[in-house]
Amino acid sequence: MNSLQINDKTRLLKKLRQTTVGIDLEYRLATGEKSRRIYLDSTASTLQLGLVSDVISRYMPFYSNTHTSAHFGAKLSTVEFDWAHNKVLSFVNADPQTYTAFFVGSGATGGINRVARTLREKRPQRRVVITSIMEHHSNDLPHRRHFDQVVHVPTQVNGSKLGCIDLSRIEKALQEHGDNVNYISVTGVSNVTGIKNPVYDIADLAHRYNTLILVDAAQMAAHVPIKMSGHENPARNIDMIALSGHKMYAPSSPGVVITRKDLFSGIEPVEVGGGMVDDVHINRYLPTDNFPDREEAGTPNIVGAIALAAVMHALQTLGMDFIDQEESRIIRQAIDMLEKIDDLMVYGNTDPNNSKRIGALSFNIKGMDHALTAAILNDYFNISVRNACFCAQPYVREMITDELGEIADQLSNEELEALAELHRGMVRASFGIYNDSTDVQALVDALQTICNDREFYQQQYEKISAGDYRHKTFNFDCAPLFSAANEVNRWLAG
């Protein structure tokens, strides 16, 4: 797919970085100065690549609904929408003879809910799902909603640090629940720590015990190559994947499910409406057998699908192996530098020999509330991070408990309780294709400064409701920068 030389890849990566929408955005800080925002919140949602704006602006004059050849615009949209489906299959190396891809409306969350509802009906006698303690709520709650039992497998522990999913515990759960297991559902990459899981090894285990695997690739797809099929050992093939377009540099694009066709065929689709039927009578209707039509009831997000496929095409051209190498270097640099700050605690296994990290890391300044750390990074250093539990509360609680256990013997019960209260969450810095080593250095310098002058920064804030912090004298006013209502009024008056 990609035959670019290393110099061409470096040039293309630079172009993608420099043309990212909002990459040079400036805000005025609590100090009164203006500086460029450093965006380290890509795990929540990525910024939009400039090529998305360009591609969609070129497409929009031709926009029409799909699935008709009655007029030119519809023909063009249908061709491009079909291209988007095929591009998804190509991006994850899924054989189009075996797999289909369909778009869903609410990211990976919508996709995982669709899988849970479908496989509950497809395999009703199998009422157990195996997942892990490290899952995002989107890869936990749908299984709880639709199945009798969800087994949460723990992670490996190296010293006192949590690592990837424990394969031996997955096998133990498979042995215990046998033919009651409908599928295993695991994240490819943790949204909290960025730790990568051995999904192909897990697939091998699942198939050895005659069950299936679903991979939540929301944090994986933009960062590392994915190979759903074509393994030398077919047992290592992945049955189903769910991913999110808004985490792949295409905000407002849909989620995607890539699945073996046989897993969704032979039963009525869980969502019905226009486009997914072959015939409708007063007293009955006949769903189509055609993929992906049968899984895309109603008018799809055509624009978002094309935007996402455009990003995938660009990333494929650049090379996902190349992206993986570049981002691994940045995350390694960040971990090595942050671990040298005495008052900083980096969560999860950080040994590169035991744990591969991708895209994200979480930390706390010892003795400082995670919400206060995030506020200071924003207000004084223009570094956008996220804090709290990142919709993965059981995993976050377990890591914090383990980390506090290291120093428990040195503290009184009162001190330990106060420390635990401060650390009921974490700060997460997450990286994308538009970040580089200068962003890492800025984060490290900012955290070192906060640790050195923590008394000053703490005095500038007051704690408010919901655990947040408010600066005593500085207030950010959004309206002068952007207001949708004001923009509409300005246009109407123009």
Side-chain angles (χ1 to χ4, degrees), residues 43 108 112 128-141 143-144 149-177 181 183-206 209 211 213-220 223-224 238 328 331-332 335 339 345-364 388-406 408 420 423-430:
T43 292
I112 294 170
V128 177
V129 171
I130 297 172
T131 186
S132 83
I133 192 68
M134 72 196 307
E135 304 304 320
H136 189 282
H137 296 337
S138 296
N139 195 32
D140 181 4
L141 302 186
H143 315 307
R144 297 194 200 193
Q149 185 177 1
V150 177
V151 178
H152 293 87
V153 171
T155 65
Q156 294 177 352
V157 180
N158 298 95
S160 62
K161 299 280 191 176
L162 300 186
C164 65
I165 295 172
D166 191 330
L167 289 173
S168 66
R169 296 296 292 271
I170 289 182
E171 184 162 21
K172 182 178 178 182
L174 287 166
Q175 291 169 343
E176 180 179 348
H177 296 281
V181 178
Y183 55 88
I184 299 171
S185 187
V186 293
T187 183
V189 173
S190 167
N191 74 304
V192 179
T193 60
I195 289 175
K196 182 182 178 184
N197 282 317
V199 294
Y200 305 111
D201 293 334
I202 298 172
D204 193 6
L205 262 180
Y209 284 87
T211 192
I213 180 172
L214 164 65
V215 174
D216 173 3
Q219 303 303 334
M220 185 182 188
H223 303 285
V224 295
I238 304 296
S328 294
I331 200 77
R332 188 72 250 161
I335 291 172
E339 287 196 312
M345 184 179 295
V346 179
Y347 292 100
N349 187 356
T350 57
D351 183 351
N353 297 316
N354 294 323
S355 181
K356 162 107 177 178
R357 293 281 194 126
I358 298 168
L361 57 88
S362 292
F363 57 87
N364 267 320
C389 293
F390 322 118
C391 295
Q393 289 161 329
Y395 184 45
V396 169
R397 289 194 191 106
E398 184 166 330
M399 277 193 292
I400 289 173
T401 300
D402 287 348
E403 297 287 357
L404 291 178
E406 289 184 21
H423 285 179
R424 291 189 186 277
M426 304 172 178
V427 182
R428 182 184 69 199
S430 53

Exercise for the section: Identify the two heavy atoms, one from I238 and one from A203, that lie closest to each other, and give their separation to 0.1 Å. Expected result: CD1-CB, 3.9 Å
Practice task
Can you measure from OG1 (T211) to NE2 (H177) and round to the nearest 0.5 angstrom?
Solution key: 12.0 Å
Exercise for the section: Check whether any side-chain heavy atom of V153 lies under 4.5 Å from a side-chain heavy atom of K172, and answer yes or no. Expected result: no
Exercise for the section: Run the numbers on K356 and I195 for side-chain contact (heavy atoms from CB on, under 4.5 Å), then give the verdict. Expected result: CA-CA 6 Å; K356 162 107 177 178; I195 289 175; over 6 Å; no
Completion exercise
Between N191 and R428 the two heavy atoms that sit nearest each other are O-NH1, 2.9 Å
Completion exercise
Rounding to 0.5 Å, atoms CD1 (I202) and CD1 (I165) come to a distance of 4.5 Å
Handout entry: Non-hydrogen atoms of T155 and M134 that approach each other most closely
Key = CG2-SD, 4.1 Å
Problem - Steps toward side-chain contact (heavy atoms from CB on, under 4.5 Å) verdict (L214, H143) - result: CA-CA 11 Å; L214 164 65; H143 315 307; 4.3 Å; yes
Exercise for the section: Could you please spell out the steps behind the side chain to side chain donor-acceptor pair (under 3.5 Å) verdict for E135 and S132? Expected result: CA-CA 6 Å; E135 304 304 320; S132 83; 2.5 Å; yes
Problem - Distance (rounded to the nearest 0.5 Å) between L205 CG and I130 CD1 - result: 9.5 Å
Problem - Residue pair T193 / Y347: nearest heavy atoms and the distance that separates them - result: CG2-O, 4.1 Å
Handout entry: Contact summary for V199 and I213, nearest pair of heavy atoms
Key = O-CD1, 3.6 Å
Problem - side-chain contact (heavy atoms from CB on, under 4.5 Å) evaluation trace for E339 with T350 - result: CA-CA 9 Å; E339 287 196 312; T350 57; 2.8 Å; yes
Problem - Least distance between heavy atoms, I184 atom then A206 atom - result: CD1-CB, 3.7 Å
Handout entry: Interatomic spacing from CG in D140 to OG1 in T187 - rounded to 0.5 Å
Key = 12.0 Å
Problem - From R357 atom CZ to C164 atom SG, the distance as rounded to the nearest 0.5 Å - result: 11.5 Å
Fill in the blank from the handout: In this structure, CD of Q219 is separated from CG of N197 (nearest 0.5 Å) by 12.5 Å
